[in-house]
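Reviewing the structure listed below.
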Amino acid sequence: MGSAPRTSLAEVLPPLILGTATFNVQYHPDPARMPYTDIVRHALESGVRAFDTSPYYGPSEILLGDALRQLQPAPARADYFLITKCGRIRGDEFDYSPDWVRYSVHRSLERLGTDYLDLVYTHDVEFVSPEEVLAAVKELRALRDKGLIRYVGISGYPVDHLASLAEMILRETGEPLDAVLSYSNYNIQNTRLALEDNMASFARARVGCLLNASMLSMGLLKSHGVDNTQMSSWHPASAGLRTACAKLSPMTGDETLEAVALRWALHSWGKVGAAFGTHVGVDGGNKIGISVMGVSSVGELDETAKLWKDATTKSAKNDEITQLVETKMWPALGDFKDQTWTSGGSDFVNQRPAADMGKIPDDEISKKYGLL
């Protein structure tokens, strides 16, 4: 069983993480037919040694676990970093009860073929009450103390809510969160994650690492946008925001919008997010901001890994992209710069029946680990 070291997360978390939300029907009509094993293999060969998944991402955990089992020679468990989440069951259904958290973690262990998880987040905290988040974090820490988890964090969309919860958890438990994951909040359209008030709040909460995910804002910042893809039916961006982002593509010259957006986010967050970043792979005791990338092919992985290497060095190209974004794209976005969408909030109603809250299946996982 894995140990539960209290080494700072910033000493062990790689700076670039492969997100596997793309191993899901929202991004691919048949995820099992994706080259998911080749993607995972190539990630490790390219030096990308951390993987982020969730039970909510359809078959993602299962496919990632299958890929890791298929690799030959099998990588040593200590050579890669596994991140997953708990609490979100479906789009409108959440269970943050300690019993469900415990079940979810054990199920993830089975799916991923490991006896410990490096980092576990509570998933999309804005959809449940602060009291439920606190209870789930406490249960994750109890599992950490048993050696099943190494680090504990929260994830979600509204940045101010993430920051407020991080402060509350420190106040109520006397222990800061190891990590906070934000998505779609630091990219060429939206930079709310780095606003001074938010960064100050995370600092007061003594958050260990602050991770930036979805640098393309779940496809919003791709050349073809989201309206001409299967993402159009579920992407939460308003029609106006979708149109505004689509107008950025002609500004990129010989580059694709994806390349510009990724380079800018990787380069800028590497510096701006360094205060909550990692020492891993950085010389001289310095830190670098941590980014999570999502890909659907080996080619996309290669492109992002190459951009990462270029973006994290000082170059004229990075300066050119920064000028393009700040002097042309941001003015073109106008009022849509930093526009967000509603996620969770007082109008959301959790569809998990009260009678099912904390009710875990009578299945092989429950029996194996004595959870019933």
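Nothing here was measured: the structure is a model prediction, and the numbers come from that model. Position 1 is the first residue of the sequence; numbering continues from there.
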_Going by the rule ring-ring contact (aromatic ring centres under 6.0 Å, His included), which residues pair with His161 if we only count those two or more places apart in sequence or in a different chain?_
none

*Would Thr173 and Arg141 count as having a side-chain donor-acceptor pair, cut-off 3.5 Å?*
yes

_Flag for Ser217-Gln189: side-chain donor and acceptor within less than 3.5 Å_ = no

*Name all residues meeting the side chain to side chain donor-acceptor pair (under 3.5 Å) criterion together with Gln26; count only those two or more places apart in sequence or in a different chain, and write none if there are none.*
none

*If you group Ile, Leu, Val, Met, Phe, Trp and Tyr whenever their side-chain heavy atoms sit less than 4.5 Å apart, what else falls in with Tyr57?*
Tyr56

*Hey, are His42 and Asp302 close enough side-chain-wise for a donor-acceptor pair under 3.5 Å?*
yes

_Nearest non-hydrogen partners of Ala261 and Leu216, listed with the distance_ = CB-CD2, 3.6 Å

*Report whether Leu170 and Val152 are members of the same hydrophobic cluster (ILVMFWY, side-chain heavy atoms less than 4.5 Å apart, transitive linking).*
no

*Test log, rule side chain to side chain contact (heavy atoms under 4.5 Å, CB included), inputs Ile39 and Phe23*: CA-CA 10 Å; Ile39 291 171; Phe23 294 8; 4.2 Å; yes

*Does one side chain, of Asp363 or Ser366, offer a donor that lies under 3.5 Å from an acceptor on the other?*
yes

_Ionic contact status for Arg206 with Glu175, cut-off 4.0 Å_ = no

*Take Ser182 and Leu211 through the test side chain to side chain contact (heavy atoms under 4.5 Å, CB included) and record every step on the way to the result.*
CA-CA 6 Å; Ser182 167; Leu211 290 77; over 6 Å; no

*With sequence neighbours excluded, tell me which residues meet side chain to side chain contact (heavy atoms under 4.5 Å, CB included) with Thr340.*
Tyr157, Asn185, Asn190, Arg192

Which pairs would a plain distance check flag for residues 240-249, meaning a side-chain donor or acceptor within less than 3.5 Å of a matching protein atom at least two apart in sequence or in another chain?
{"residue": "Arg242", "atom": "NE", "partner": "Ala237", "partner atom": "O", "Å": "3.1"}
{"residue": "Arg242", "atom": "NH1", "partner": "Asp227", "partner atom": "OD1", "Å": "2.7"}
{"residue": "Arg242", "atom": "NH1", "partner": "Ser232", "partner atom": "O", "Å": "3.2"}
{"residue": "Arg242", "atom": "NH2", "partner": "Ser232", "partner atom": "O", "Å": "3.2"}
{"residue": "Arg242", "atom": "NH2", "partner": "His235", "partner atom": "O", "Å": "2.6"}
{"residue": "Thr243", "atom": "OG1", "partner": "Ala239", "partner atom": "O", "Å": "3.0"}

*Pairing residues for Thr122 by the side chain to side chain donor-acceptor pair (under 3.5 Å) criterion, not counting sequence neighbours*: none

*With side chains defined as the heavy atoms from C-beta onward, is the minimum distance between Lys222 and Leu257 less than 4.5 Å?*
no

*Is it the case that one hydrophobic cluster holds both Ile321 and Val272, taking links as side-chain heavy atoms less than 4.5 Å apart, direct or via other members?*
yes

*asked:* Can you give me the closest heavy-atom contact between Val282 and Lys287, atom names plus distance?
replied: CG1-N, 4.1 Å

*Please tell me if the side chains of His224 and Thr256 come closer than 4.5 Å, counting only heavy atoms from C-beta onward.*
no

_Nonpolar side-chain network containing Met357, other nodes, edges under 4.5 Å_ = none

_Looking at every non-hydrogen atom in both residues, tell me the closest pair between Leu371 and Ile360 and how far apart they are._
O-CD1, 3.5 Å

_Tell me the closest heavy-atom pair linking Thr278 and Ala10, and the distance in Å._
OG1-O, 3.0 Å

*Quick one: CG on Leu210 to CG on Leu193, what's the gap to the nearest 0.5 Å?*
4.5 Å

*Apply side chain to side chain contact (heavy atoms under 4.5 Å, CB included) to Ser164 and list each qualifying residue two or more places apart in sequence or on a separate chain.*
none

*Only one of Ile83, Leu82, Leu143, Leu140 passes side chain to side chain contact (heavy atoms under 4.5 Å, CB included) with Val120; say which it is.*
Leu140

*Hey, is Lys85 close enough to Asp124 for a salt bridge, meaning N to O under 4.0 Å?*
no

*By side chain to side chain contact (heavy atoms under 4.5 Å, CB included), which residues pair with Ala43, not counting sequence neighbours?*
Leu18, Val48, Phe51, Leu301

_Distance-only polar pair, side chains of Arg88 and Ser54, donor-acceptor under 3.5 Å_ = no

*Could you check if a side-chain atom of Val137 sits within less than 4.5 angstrom of a side-chain atom of Val133, using non-hydrogen atoms only?*
yes

_Inter-residue atom distance Asn187.CG - Asp338.CG, 0.5 Å rounding_ = 9.0 Å

*Look at the side-chain heavy atoms of Ile, Leu, Val, Met, Phe, Trp and Tyr, link any pair under 4.5 Å apart, and say whether Val207 and Ile288 land in one connected group.*
yes

*Consider only side-chain heavy atoms of I, L, V, M, F, W and Y, link residues closer than 4.5 Å, and tell whether Trp308 and Val298 are in one cluster.*
yes

*How about Asp95 and Ser97: does a side-chain donor come under 3.5 Å of a side-chain acceptor?*
yes

*Can you tell me if CG on Asp30 sees more than 12 non-hydrogen neighbours from other groups inside 6.0 Å?*
yes

*asked:* Tell me whether the NZ or CZ atom of Arg204 lies within the 45° cone about the ring axis of Phe202 and under 6.0 Å from its centre.
replied: no

_Audit row: Thr191, Lys337, side chain to side chain donor-acceptor pair (under 3.5 Å) steps and yes/no_ = CA-CA 8 Å; Thr191 58; Lys337 169 70 167 59; 3.0 Å; yes

*Closest heavy-atom contact between Val101 and Ala136?*
CG2-CB, 3.9 Å

*asked:* Can you confirm whether the side chains of Asn318 and Ser315 place a donor and an acceptor under 3.5 Å from each other?
replied: yes

*Between Cys209 and Phe276, is any pair of side-chain heavy atoms under 4.5 Å apart?*
no

*Listed once per pair and sorted, the salt bridge (Lys or Arg N to Asp or Glu O under 4.0 Å) pairs that draw on residues 251-261, sequence neighbours left out*: Glu255-Lys317

_Nearest-0.5 Å distance, CE of residue Met215 to OH of residue Tyr186_ = 12.0 Å

_Non-neighbouring partners of Ser155 that pass side chain to side chain donor-acceptor pair (under 3.5 Å), sequence neighbours left out_ = none

*Glu45 atom CD, neighbour heavy-atom count above 12 within 6.0 Å*: yes

*Beyond-backbone contact of Trp100 with Arg352, side-chain heavy atoms, under 4.5 angstrom*: yes

_Trp330 ring center within less than 6.0 Å of Phe336 ring center_ = no

*Quick check: are there more than 12 heavy atoms from other residues, nucleotides or ligands sitting under 6.0 Å from CD of Glu196?*
no

_All side chain to side chain donor-acceptor pair (under 3.5 Å) counterparts of Thr53, not counting sequence neighbours_ = Thr20, Ser60

*Minimum heavy-atom separation for Tyr183 to Ser343, with atom names?*
OH-OG, 4.3 Å

*Got a sec: does the CG of Asp79 have more than 12 other heavy atoms crowding it under 6.0 Å?*
yes

*asked:* Would a single hydrophobic cluster contain both Leu181 and Val12, if residues Ile, Leu, Val, Met, Phe, Trp and Tyr are joined by side-chain heavy-atom contacts under 4.5 Å?
replied: yes

*So, Asp66 versus Gln70: side-chain donor-acceptor pair below 3.5 Å or not?*
yes

*Side chains of Leu109 and Asp115 in contact at under 4.5 Å (non-hydrogen atoms)*: no

_Option from Thr7, Asp178, Asp118 for which side-chain hydrogen bond (donor to acceptor under 3.5 Å, both in side chains) with Arg150 holds_ = Asp118

